[in-house]
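Everything quoted here is computed from the prediction, not taken from an experiment. Proteins get letters first, then strands, A, B, ... in listed order; numbering begins at 1 in each.
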2 protein chains.
Amino acid sequence: MVHQDKNQNDEKDISLKLFVVLNRAMQSIKKQVEEDIKRYGLNQTEFAVLELLYHKGDQPIQKIGSKVLIASSSITYVVDKLEKKKLIRRKPCPNDRRITYATLTEEGEEFMKNIFPEHKEAIHDILGGVEIEEKKMMIDQLKKLGTYANKDRS
Amino acid sequence: MVHQDKNQNDEKDISLKLFVVLNRAMQSIKKQVEEDIKRYGLNQTEFAVLELLYHKGDQPIQKIGSKVLIASSSITYVVDKLEKKKLIRRKPCPNDRRITYATLTEEGEEFMKNIFPEHKEAIHDILGGVEIEEKKMMIDQLKKLGTYANKDRS
DNA sequence: AAATAATATCTCGAATTCGAGATAATTATA
DNA sequence: TATAATTATCTCGAATTCGAGATATTATTT
């Protein structure tokens with residue numbers, strides 16, 4: 001085996017290692033975050049939808065799916081649940097009758113105003129394993145990784 | 001608001017940002033990896049179990065759960081599926097009759113020998129967004145993040 | 001204008017995961 | 001040794017997510 005091949009194998013080992021570590025770290029972090037969110041009586045998907053509406057305003061149901069990265073059939077389910085909890089409601093679009101907006105109720109608005117700072121605090125605590133400068137680096141690197149992963153490599 | 005408070009808010013924003021980016025990157029990467037694994041007729045959990053047995057040898061079913069990070073009830077399900085596919089089989093432990101080992105069949109061994117290099121290659125391709133030195137840094141940082149997240153912070 | 005394509009939401013059934021608790025075997029304690 | 005505690009696996013029902021396809025509406029093409 002020539003030197004060049006050896007290096008390439010090493011690099012693949014590093015990639016594999018990174019994938020494994022990324023997986024584990026994410027799983028640990030998600031578990032903790034999930035636990036925080038459970039305190040508010042929600043799961044991560046429900047919270048993500050509320051957060052989107054809270055920060056970006058009313059959204060067509062379909063847009064929610066692409067932002068929160070879940071399938072259209074799953075959104076219907078989540079929106080139903082949040083509607084039952086009276087945190088959001090459906091509002092038909094007057095111009096395009098195919099579209100239904102999801103919008104925070106007063107109650108939902110109030111709810112998010114209360115819990116979001118706590119949630120942010122919790123995430124900050126959970127991510128306390130690295131310094132701020134490292135976080136900034138990781139953000140850049142993860143963006144590159146994510147963007148590249150989405151590209152077509154075939 | 002005094003200067004100190006402002007900095008702390010900034011830091012929390014960075015943490016939140018890191019969490020969001022981490023989530024997104026992971027989701028993109030996982031989706032691609034899942035797609036690769038699907039080519040072999042498996043899902044990520046099934047593959048993770050096979051990989052564990054392939055690299056670490058026979059494992060008590062309960063050990064699999066803690067390594068692959070899924071609940072005991074889920075393992076039963078996954079092991080059942082892999083057994084139906086004739087890739088692994090259950091083998092009772094002679095010393096301790098509570099324990100059942102999962103072990104690769106000949107077929108499973110052969111299977112992994114064939115596909116694992118391809119899989120590794122695929123992951124390497126998917127993670128092509130950053131250079132090798134950055135990968136090494138990320139591995140260290142993610143380990144720190146993961147370890148810290150698992151700690152008790154209450 | 002009629003036919004076709006595209007878009008948005010929803011329904012349905014299947015797959016996966018979990019938590020609570022059942023069962024059986026082993027280990028520790030009184 | 002009998003009892004209690006621990007450990008390993010499994011069963012069951014609920015929650016969540018997906019993909020395929022149904023329905024309704026709007027946009028495009030012929």
Minimum heavy-atom separation for B:Thr105 and B:Lys86, please, with both atom names. OG1-O, 2.7 Å
Pairwise 5' ranking along DNA chain D for B:Thr100 and A:Pro94, keeping only the more 5' one: B:Thr100
Can you list, by residue number, the residues of residues 61-77 of chain A that have a non-hydrogen atom closer than 4.0 angstrom to DNA chain D? A:Ile70, A:Ala71, A:Ser73, A:Ser74, A:Tyr77
Do the side chains of B:Asn43 and B:Lys81 get nearer than 4.5 Å, heavy atoms only? yes
Scanning both residues in full, the closest heavy-atom pair of A:Leu16 with B:Ile123 reads CD1-CD1, 3.8 Å
Please work out which residues in residues 20-38 of chain B have a non-hydrogen atom less than 4.0 Å from an atom of DNA chain D and list them by number. none
Hits for side-chain hydrogen bond (donor to acceptor under 3.5 Å, both in side chains) against B:Lys85, two or more places apart or cross-chain, chain-then-number order -> B:Glu46
How are the rings of A:His119 and A:Phe47 set to each other: parallel, tilted or perpendicular (split at 30° and 60°)? tilted
Of all residues at least two apart in sequence or in a different chain, which pass the side-chain hydrogen bond (donor to acceptor under 3.5 Å, both in side chains) check with A:Asp80? A:Arg90
I'd like to know if B:Glu133 pairs up with B:Lys136 as an ion pair, taking the criterion as any Lys NZ or Arg NE/NH1/NH2 lying under 4.0 Å from an Asp or Glu carboxylate oxygen. yes
Taking any atom under 4.0 angstrom from a heavy atom of chain A, which nucleotides of DNA chain D are the first and last to qualify, 5' to 3'? D:dA15 to D:dT26
Which heavy atom of B:Gln141 sits nearest to which heavy atom of A:Val130, and what is that distance? O-CG1, 3.7 Å
How is B:Asp80 classified with respect to the nucleic acid when contacts are heavy atoms under 4.0 Å: base, sugar-phosphate, or nothing? nothing
Applying side chain to side chain contact (heavy atoms under 4.5 Å, CB included) to A:Lys113 and not counting sequence neighbours gives A:Tyr54, A:Glu110
Test: A:Asp140 and A:Lys143 ion pair at under 4.0 Å: no
